[in-house]
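Below is one structure, written out as structure tokens; the observations come after it.
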2 protein chains.
Amino acid sequence: MVTSKILSNIARHISLTDEETSFFISLITCKTLPKKSWLLQADQECRYLSYVHCGALRSFYIDKAGKESTIMFAVSDWWITDMHCYLNNKPAMTHIETLEESTVLQINRTDFDRLLEAVPKFERFFRILMQNAYTREQLRVMENLSSTAEERYQSFLKKYPQIVKQVTQKQIASYLGITPEFLSALRKQKN
Amino acid sequence: MVTSKILSNIARHISLTDEETSFFISLITCKTLPKKSWLLQADQECRYLSYVHCGALRSFYIDKAGKESTIMFAVSDWWITDMHCYLNNKPAMTHIETLEESTVLQINRTDFDRLLEAVPKFERFFRILMQNAYTREQLRVMENLSSTAEERYQSFLKKYPQIVKQVTQKQIASYLGITPEFLSALRKQKN
DNA sequence: TTAATTTCTTAAGGTACCTTAAGTTCGCTA
DNA sequence: TAGCGAACTTAAGGTACCTTAAGAAATTAA
């Protein structure tokens with residue numbers, strides 16, 4: 001199992017002893033999924049918080065009308081789950097699919113609690129992770145409220161140049177909250 | 001200074017010793033602001049994280065075109081700040097105004113760090129606070145992407161019945177991302 | 001390589017929501 | 001208690017973005 005990447009992700013915010021490191025590693029499991037497979041489906045129990053070692057994933061919501069809305073993309077070194085349902089033990093509201101072959105390191109809910117209890121430093125780590133996730137979502141809400149589709153698209157290109165390379169326009173459109181047809185029209189008029 | 005409310009807010013997630021409690025209290029300051037005053041203005045340094053003891057506040061963003069977008073409302077027992085700028089010591093992007101006379105308990109950035117260092121239990125407290133804020137924002141993004149204005153308005157009424165009583169329709173409209181005129185039209189057709 | 005599938009594009013017609021502007025009601029302050 | 005400014009309403013005309021449908025291009029499967 002490849003753990004150096006996840007350990008340096010963690011080391012960005014907290015320092016672990018060797019013992020703490022091995023304990024953490026004992027709690028995570030590695031999973032490799034082929035392209036276009038499910039990491040999670042709506043209504044399933046959301047068992048895992050996943051760190052993306054490599055690959056690309058997308059979480060999305062399907063409303064009653066059947067329309068997909070992309071909640072987030074996760075590429076190498078990102079964390080992904082249906083956070084609300086993972087933390088509150090509720091059936092998942094979202095789907096998570098692989099966009100290419102992906103390897104993830106996972107921790108289940110019980111072990112997550114054990115980890116926080118045994119190594120309180122992880123409270124700090126996840127506080128910072130949640131903090132960043134919160135402010136990122138808040139900025140996204142602000143942008144959705146105050147910008148046009150064109151501006152949001154330009155901002156997405158600028159903010160996530162790596163993701164742009166790994167996902168389709170249809171998926172970007174559903175992240176921006178517009179139709180693929182309209183995104184296509186926007187792209188045409190700019191170039 | 002009235003501290004029982006903020007202490008039971010904290011006690012919902014962590015238990016403090018008497019000593020920890022007094023240390024925490026030594027770090028917070030109390031401020032009462034009249035109606036229609038500023039807790040924060042854009043471009044100012046964002047010094048404080050504020051707990052709303054009583055009253056009602058609103059944080060909002062003003063874009064280049066001068067349009068206001070409401071980011072959040074905070075009534076009694078909520079926490080509010082420009083989180084991104086508070087945590088990263090950047091000039092505020094948002095404004096926070098009182099909608100009525102309000103009393104807030106505040107902690108400045110330096111003391112926030114001292115608190116987390118001296119009483120690591122607060123890492124847990126703020127992890128949970130950030131977690132909840134994150135999942136709330138994520139649900140809002142989902143709703144903004146997948147629902148009509150009418151649906152978002154109904155959902156707002158249901159989710160925040162207390163807030164509805166304390167804010168104007170113009171402010172609700174700017175939270176939903178629609179014009180007050182359109183909100184007025186929506187309300188007409190339903191009743 | 002071809003066939004099948006999916007993505008991307010184009011275009012015409014439609015709708016949700018906006019802008020402007022005016023009138024009405026509400027809530028302050030004099 | 002009147003008068004002023006803000007909030008709310010109404011309505012007409014406008015625009016950003018959607019829906020549908022079809023064809024072209026790219027990707028995948030065989």
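Convention: sequence-line order gives letters A, B, ...; per-chain numbering from 1. Small disclaimer: the values here were computed from a predicted structure and weren't measured.
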Task: Backbone of B:A11 reached by a side-chain donor or acceptor of B:S15 within 3.5 Å - done: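 No, the answer is negative, given that no donor and acceptor are paired below the 3.5 Å cut-off.
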Open item on the list: Main chain of A:T17, side chain of A:E20: is a donor-acceptor contact present, judged purely on distance under 3.5 Å?
Closed with: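 Confirmed, A:E20 side chain pairs with A:T17 backbone.
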Nucleotide nearest [X] (side chain, heavy atoms from C-beta), chosen from [options]:
X	options	answer
B:E181	C:dA21, C:dT9, D:dC18	C:dA21
A:K188	C:dA11, C:dA16, D:dA11	C:dA11
B:T168	C:dT10, D:dA7, D:dT9	D:dA7
B:F182	C:dT7, C:dT10, C:dC18	C:dC18
B:K170	C:dT20, D:dC8, C:dC17	D:dC8

TODO: Would you indicate what B:K36 reaches in the nucleic acid, counting non-hydrogen atoms under 4.0 angstrom: base, sugar-phosphate, or nothing?
DONE: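 Result for B:K36 = nothing.
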Task: Sugar-phosphate only, base, or nothing, as touched by B:T179 at under 4.0 Å among non-hydrogen atoms - done: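 Base contact.
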For [X] and [N], what is the distance between atoms [atom1] and [atom2] respectively, to the nearest whole Å?
X	N	atom1	atom2	result
B:Q189	C:dA16	CD	P	9 Å
B:L186	D:dA11	CG	P	15 Å
A:L99	C:dT7	CG	C1'	14 Å

TODO: Tell me whether the OP1 or OP2 atom of C:dC28 has a side-chain N or O from B:K35 closer than 4.0 Å.
DONE: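 For B:K35, the contact criterion (side-chain N or O under 4.0 Å from OP1 or OP2 of C:dC28) is met.
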- [ ] Look at B:Q169 and D:dT9 and indicate whether a side-chain polar atom (N or O) is within less than 4.0 Å of OP1 or OP2.
- [x]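 The answer is yes; a side-chain N or O of B:Q169 sits under 4.0 Å from OP1 or OP2.
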Task: Distance flag, aromatic centroids of B:F112 and B:F122, threshold under 6.0 Å - done: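 Ring centres of B:F112 and B:F122 not closer than 6.0 Å.
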Open item on the list: Are B:F156 and B:Y175, when compared by the centres of their aromatic rings, separated by less than 6.0 Å?
Closed with: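 For B:F156 and B:Y175, the ring centres are under 6.0 Å apart.
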